[in-house]
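Read the structure below first, then the notes.
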Amino acid sequence: MTLHKECTLLELIQLVSKSERSDDEVVATIAYLINSGRVRLCGTFAGAKIAARPSLSSFLAWVKTKPSINFLDQAT
């Protein structure tokens, strides 16, 4: 994957999507590249920072590993 130092958000999404396995990885990679300054956005999102929240599936997987708050099995 070859990244240009400056690109549009669409170009960045297309490039990163080719090598990442999931949408969560795409979002995390894009947020890192932009927020770290490795890539600068031009166009509509020039100068923008990306706030990435963890996905609900990641949160639910984390909750299942915590025996003290494992309420998901009891809800059924």
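Since the model is a prediction, treat every value here as computed from it, not as a measurement. Sequence positions, counted from 1, serve as the residue numbers for this chain.
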Closest contact, heavy atoms only, I34 versus A48: CG2-O, 3.4 Å

Shortest non-hydrogen separation from E6 to C42 and the atoms involved: OE2-CB, 3.6 Å

Atom pair OG1 (T29) and CG (L12), whose distance is rounded to the nearest 0.5 Å: 9.0 Å

Derivation and outcome, side chain to side chain contact (heavy atoms under 4.5 Å, CB included), residues I30 and V39: CA-CA 9 Å; I30 289 172; V39 172; over 6 Å; no

In one Ile/Leu/Val/Met/Phe/Trp/Tyr side-chain cluster, 4.5 Å: Y32, F45: yes

Atom pair OG1/CD1 of T8 and I13 - distance to nearest 0.5 Å: 8.5 Å

Separation between OG of S36 and NZ of K49, rounded to the nearest 0.5 Å: 8.0 Å

Step-by-step side chain to side chain contact (heavy atoms under 4.5 Å, CB included) determination, V16 to L33: CA-CA 10 Å; V16 172; L33 290 171; 4.2 Å; yes

